[in-house]
Amino acid sequence: MSILLWILLSILIVSSISLLGILALGCKDATLQKVLPYVITFSGGALLGDVFLHIIPEIAEDGFHTDISYTFLGGILIFFLLEKIFHWHRSHTHHDEEIHSRVIITQVGDTIHNFIDGMVIAGSFIVSVPLGIASTIAIILHEIPQEIGNYGILIHGGWSKGKALFYNFLTALTAFIGGLLIYFFNDAVTPYIPYLLAFTGANFLYLALSDIFPELNAEEDVKKILIHALFLLIGIAIMALLLGVEGLELFSEAH
């Protein structure tokens with residue numbers, strides 16, 4: 001099988017993870033509303049774990065220069081402005097569907113993140129097929145908690161279950177663009193990956209700290225607060241456990 005076919009098949013499998021939300025289509029709305037707050041908390045933990053355990057260390061491998069810091073800060077400011085513009089637009093126009101600004105921010109960040117995943121998969125297969133397979137498995141395990149969290153955020157932000165599922169899958173398809181860019185223009189695109197990672201990290205950090213956590217802080221029931229704390233730690237712990245998988249990936253690359 002050709003390298004390009006390996007890349008396209010692997011990206012298709014990874015993109016299909018975004019359809020995990022289909023499991024929620026059969027849930028009653030009342031049940032879904034009870035579960036969603038904890039899915040959101042889990043997502044917040046996964047986002048923070050992703051930024052501090054995966055994205056920042058990945059960037060730091062080639063040196064964490066001040067231009068990367070500027071990209072992080074610039075990304076946070078851009079998402080702040082996007083949220084304010086969206087709030088202004090919504091207050092000055094009529095909408096039949098109440099959509100929270102976190103939905104737009106989530107979609108932007110997820111699109112970039114999936115784009116980078118496609119680049120990573122393609123780059124790994126170009127080195128070797130075993131490394132490509134190892135990278136694909138690592139990304140699949142990484143995507144499962146993230147896509148569940150993203151789907152929960154979209155539902156909680158005002159989208160219907162079907163609409164959230166469709167657009168979550170649509171953003172996942174940007175991985176194909178990233179993969180094909182690396183396959184055909186590897187040398188030209190690779191130097192910009194750290195900046196894309198920093199922008200993605202800024203998105204995840206802003207989303208967790210400005211949208212998810214303030215809403216959780218409004219909870220006053222002690223029992224629910226403890227459950228939220230547990231789900232937050234589970235989200236972080238899963239991202240920490242995935243470091244072991246990435247270690248196996250590096251081992252495969254070395255051999």
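FYI, side chains are in, hydrogens and waters are out, and symmetry mates aren't considered; it's all heavy atoms of this structure. Fair warning: this is a prediction, and the values are worked out from it, not measured in the lab.
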*Asks:* Do V120 and Y192 belong together in a cluster built from hydrophobic side chains that touch within less than 4.5 Å?
*Replies:*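 Each belongs to a different hydrophobic cluster.
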
*Asks:* For the hydrophobic clusters of this structure (ILVMFWY residues joined by side-chain heavy atoms under 4.5 Å, transitively), does one cluster hold both V108 and M119?
*Replies:*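 Linked within one cluster.
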
*Asks:* About how many Å separate CG of N114 and OG1 of T200, when rounded to the nearest 0.5 Å?
*Replies:*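 With rounding to 0.5 Å, OG1 (T200) is 9.5 Å from CG (N114).
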
*Asks:* Report whether I78 and L209 are members of the same hydrophobic cluster (ILVMFWY, side-chain heavy atoms less than 4.5 Å apart, transitive linking).
*Replies:*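 Shared cluster, yes.
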
*Asks:* In this structure, which one of I116, I59, V189 forms a side chain to side chain contact (heavy atoms under 4.5 Å, CB included) with L196?
*Replies:*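 So, applying the side chain to side chain contact (heavy atoms under 4.5 Å, CB included) to L196 and each of I116, I59, V189, only I116 qualifies.
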
*Asks:* Name all residues meeting the side chain to side chain contact (heavy atoms under 4.5 Å, CB included) criterion together with F176; count only those two or more places apart in sequence or in a different chain, and write none if there are none.
*Replies:*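 Residues passing side chain to side chain contact (heavy atoms under 4.5 Å, CB included) with F176: L8, I11, L12, S15, L173.
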
*Asks:* CG/L232 to CD1/I227 distance, rounded to the nearest 0.5 angstrom?
*Replies:*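 If I round to the nearest 0.5 Å, the distance is 13.5 Å.
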
*Asks:* If you look only at pairs with a residue in residues 66-75, which of them pass as a side-chain hydrogen bond (donor to acceptor under 3.5 Å, both in side chains), with sequence neighbours excluded?
*Replies:*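 Every pair satisfying side-chain hydrogen bond (donor to acceptor under 3.5 Å, both in side chains) with a residue in residues 66-75: D67-Y195.
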
*Asks:* Given the rule that I, L, V, M, F, W and Y join up when any side-chain heavy atoms are under 4.5 Å apart, are V222 and Y38 in one cluster?
*Replies:*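 No, V222 does not connect to Y38 through the hydrophobic network.
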
*Asks:* Do L47 and L205 have side chains that approach each other closer than 4.5 Å (heavy atoms only, starting at C-beta)?
*Replies:*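 When only atoms from C-beta onward are counted, L205 and L47 do not touch, as no gap falls below 4.5 Å.
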
*Asks:* Measure across F199 and F79 and return the closest heavy-atom pair with its distance rounded to 0.1 Å.
*Replies:*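 In this case the closest contact between F199 and F79 is CE2-CZ, 3.6 Å.
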
*Asks:* Testing the basics here: between H54 and M239, what is the closest heavy-atom pair and its distance to 0.1 Å?
*Replies:*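 In this case the closest contact between H54 and M239 is NE2-O, 2.7 Å.
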
*Asks:* Distance check, rounded to the nearest 0.5 Å: I238 atom CD1 versus L233 atom CG?
*Replies:*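 These two atoms lie 11.5 Å from each other.
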
*Asks:* Of all the heavy-atom pairs spanning A208 and G44, show the shortest one and how long it is.
*Replies:*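 The pair with the smallest heavy-atom distance is CB-O, 4.2 Å.
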
*Asks:* Mind checking whether F231 and L226 sit in one hydrophobic cluster, side chains of I, L, V, M, F, W, Y counted as touching below 4.5 Å?
*Replies:*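 Hydrophobic grouping puts F231 apart from L226.
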
*Asks:* Listed by chain and number, what are the side chain to side chain contact (heavy atoms under 4.5 Å, CB included) partners of S10, not counting sequence neighbours?
*Replies:*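 Result, side chain to side chain contact (heavy atoms under 4.5 Å, CB included) vs S10: I121, F125, T136.
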
*Asks:* Taking all atoms of both residues into account, what is the closest heavy-atom pair of I236 and G45, and its distance?
*Replies:*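 For I236 versus G45, the nearest heavy atoms are CG1-O, 3.3 Å.
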
*Asks:* Tell me which pairs pass side-chain hydrogen bond (donor to acceptor under 3.5 Å, both in side chains) where either residue lies in residues 223-240, with sequence neighbours left out.
*Replies:*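 Listed once each, the pairs are T41-H228.
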
*Asks:* Could you pull out all residues at least two apart from A202 that satisfy side chain to side chain contact (heavy atoms under 4.5 Å, CB included)?
*Replies:*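 A202: side chain to side chain contact (heavy atoms under 4.5 Å, CB included) contacts with F72, I76.
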
*Asks:* Any chance you could lay out the side chain to side chain contact (heavy atoms under 4.5 Å, CB included) test for L180 and L4, step after step, and finish with the verdict?
*Replies:* CA-CA 8 Å; L180 291 173; L4 181 58; 3.9 Å; yes

*Asks:* Could you tell me the separation between the CG atom of L48 and the CZ atom of F204, rounded to the nearest 0.5 Å?
*Replies:*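 Result: 11.0 Å between the selected atoms.
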
*Asks:* Looking at every heavy atom in both G123 and I182, which two are closest together, and how far apart are they?
*Replies:*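 Minimum heavy-atom separation between G123 and I182: N-CG2, 3.6 Å.
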
*Asks:* Show every side-chain hydrogen bond (donor to acceptor under 3.5 Å, both in side chains) that has at least one partner inside residues 165-185, sequence neighbours left out.
*Replies:*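 Qualifying pairs: D110-T171, E147-N168.
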
*Asks:* Kindly indicate whether the side chain of V129, heavy atoms from C-beta on, has any atom under 4.5 Å from the side chain of I3.
*Replies:*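 Yes, close enough: below the 4.5 Å cut-off.
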
